[in-house]
Structure formats: structure tokens, C-alpha cells
**Student:** 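Here you go, one structure.
Given the structure is predicted, the values throughout are model-derived calculations rather than measurements.
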Amino acid sequence: MSGAPNLSRALVLETPVTTPDGAGGFTTSWDVLGTLWAEIRASSGRERFAALGPSGEVRLRILVRAAPEGSDHRPRPEQRFREGARIFRILAVAEADVQGRYLLCTAQEELPA
């Protein structure tokens, strides 16, 4: 990582909460953990074929300030970021620099259902 990152986008960090639906299954809702300032960049993309034809998939690199292990403000792969109506599913999290000041989250944008 070279230079100071541009953490200019406010992303809401959300974590999944599953509850029984009373019919043997579960429903998932999302609890807000806080807002993190981030830099988002496209990382890689690929085309794949789905039931309705070709579909594009773009991986994003989301850089945020690091938080201590165990903190609610430290993203984890089962969580997601939200920016307005946009949702970014977190796939992986790694330290972005040797000093541990930033975290690099690999994410994929989810299309609304």
C-alpha cells in the first residue's frame, strides 16, 4: 500500500442474526454494528454463465481502518457493508499493511432481490 488511503465513503457494517421461523427453518435479519469510513476499488472481474445467460461478477477491495481482534468494528467474512441501497458481501479480511493500521476486505456487491 503506497500513500495515504482516501477513506471517503461511509459504509455501515452489518452482522447476520438468524432466528427460528416457527416452521423448522430460519430467517436472517441484519444488525448494525457501526459506520466505517472506507475506500472502495474494483479488484477483478469475471464472466460466468447463469440460468438466464452470461452474468458478470466483480470483486471489490474495501480498505478500512483496523480495529482490534474481537471488536465489533472489525469486519468478518460472514458480515456485509451497506451504502444506501448497495450491499457488499464480505468474502475475506486481511491486514493491508505491516503496521496493522488498515484492513483490506475482499467483497462482492449483491444485487437487490
**Student:** Keeping the roles fixed (side chain from Glu39, backbone from Leu7), state whether a donor-acceptor pair exists under 3.5 Å.
**Tutor:** no
**Student:** Determine whether Leu91 and Gln108 satisfy the following criterion, side-chain contact (heavy atoms from CB on, under 4.5 Å), listing intermediate values before the conclusion.
**Tutor:** CA-CA 7 Å; Leu91 305 172; Gln108 183 173 339; 4.1 Å; yes
**Student:** Mind listing the closest non-hydrogen atom pair of Leu63 and Ala96 along with its distance?
**Tutor:** CD1-CB, 3.5 Å
**Student:** side-chain hydrogen bond (donor to acceptor under 3.5 Å, both in side chains) with Thr15: which residues, sequence neighbours excluded?
**Tutor:** Gln79
**Student:** Linking I/L/V/M/F/W/Y whenever any side-chain heavy atoms sit under 4.5 Å apart, do Val17 and Leu13 land together?
**Tutor:** no
**Student:** Would you sort out whether Phe26 and Asp21 count as a side-chain contact (heavy atoms from CB on, under 4.5 Å), showing the intermediate values?
**Tutor:** CA-CA 5 Å; Phe26 292 91; Asp21 65 4; 6.0 Å; no
**Student:** Any salt bridge (Lys or Arg N to Asp or Glu O under 4.0 Å) pairs touching residues 6-15, not counting sequence neighbours?
**Tutor:** Arg9-Glu83, Glu14-Arg80, Glu14-Arg82
**Student:** Return the minimal non-hydrogen interatomic distance between Gly34 and His73, and the atom names on each side.
**Tutor:** CA-NE2, 4.0 Å
**Student:** Please say yes or no: joined through hydrophobic side-chain contacts below 4.5 Å, possibly via intermediate residues, are Val64 and Leu33 part of one cluster?
**Tutor:** yes
**Student:** Looking only at heavy atoms, what is the nearest atom pair of Ala66 and Gly100, with distance?
**Tutor:** CB-O, 3.1 Å
**Student:** List for me each residue that meets salt bridge (charged side-chain N to carboxylate O under 4.0 Å, His left out) alongside Arg61, sequence neighbours excluded, and say none if there are none.
**Tutor:** none
**Student:** Tell me, do Leu11 and Thr35 make a side-chain contact under 4.5 Å, heavy atoms counted?
**Tutor:** no
**Student:** Show the nearest heavy-atom pair for residues Ile62 and Ala107, with the distance to one decimal.
**Tutor:** CD1-CB, 3.8 Å
**Student:** Counting C-beta onward and ignoring hydrogens, is there a side-chain heavy-atom pair between Tyr102 and Pro5 closer than 4.5 Å?
**Tutor:** yes
**Student:** Once side-chain hydrogen bond (donor to acceptor under 3.5 Å, both in side chains) is applied, do any residues pair with Ser29, and if so which ones, sequence neighbours excluded?
**Tutor:** none
**Student:** Which heavy atom of Pro75 sits nearest a heavy atom of Leu36, and at what distance?
**Tutor:** CG-CD1, 4.0 Å
**Student:** I need the minimum non-hydrogen distance between Arg74 and Leu103, along with the two atoms involved.
**Tutor:** NH2-CD2, 3.6 Å
**Student:** For Arg65, enumerate each residue passing the side-chain hydrogen bond (donor to acceptor under 3.5 Å, both in side chains) test, keeping only those at least two apart in sequence or located in another chain.
**Tutor:** none
**Student:** Shared ILVMFWY cluster between Ile87 and Phe81, side chains joined below 4.5 angstrom?
**Tutor:** no
**Student:** With heavy-atom distances below 4.5 Å as the criterion, would you say the side chains of Ile90 and Glu78 are in contact?
**Tutor:** no
**Student:** Mind checking side-chain hydrogen bond (donor to acceptor under 3.5 Å, both in side chains) for Thr27 and listing every partner two or more places apart, or none if nothing turns up?
**Tutor:** Thr19
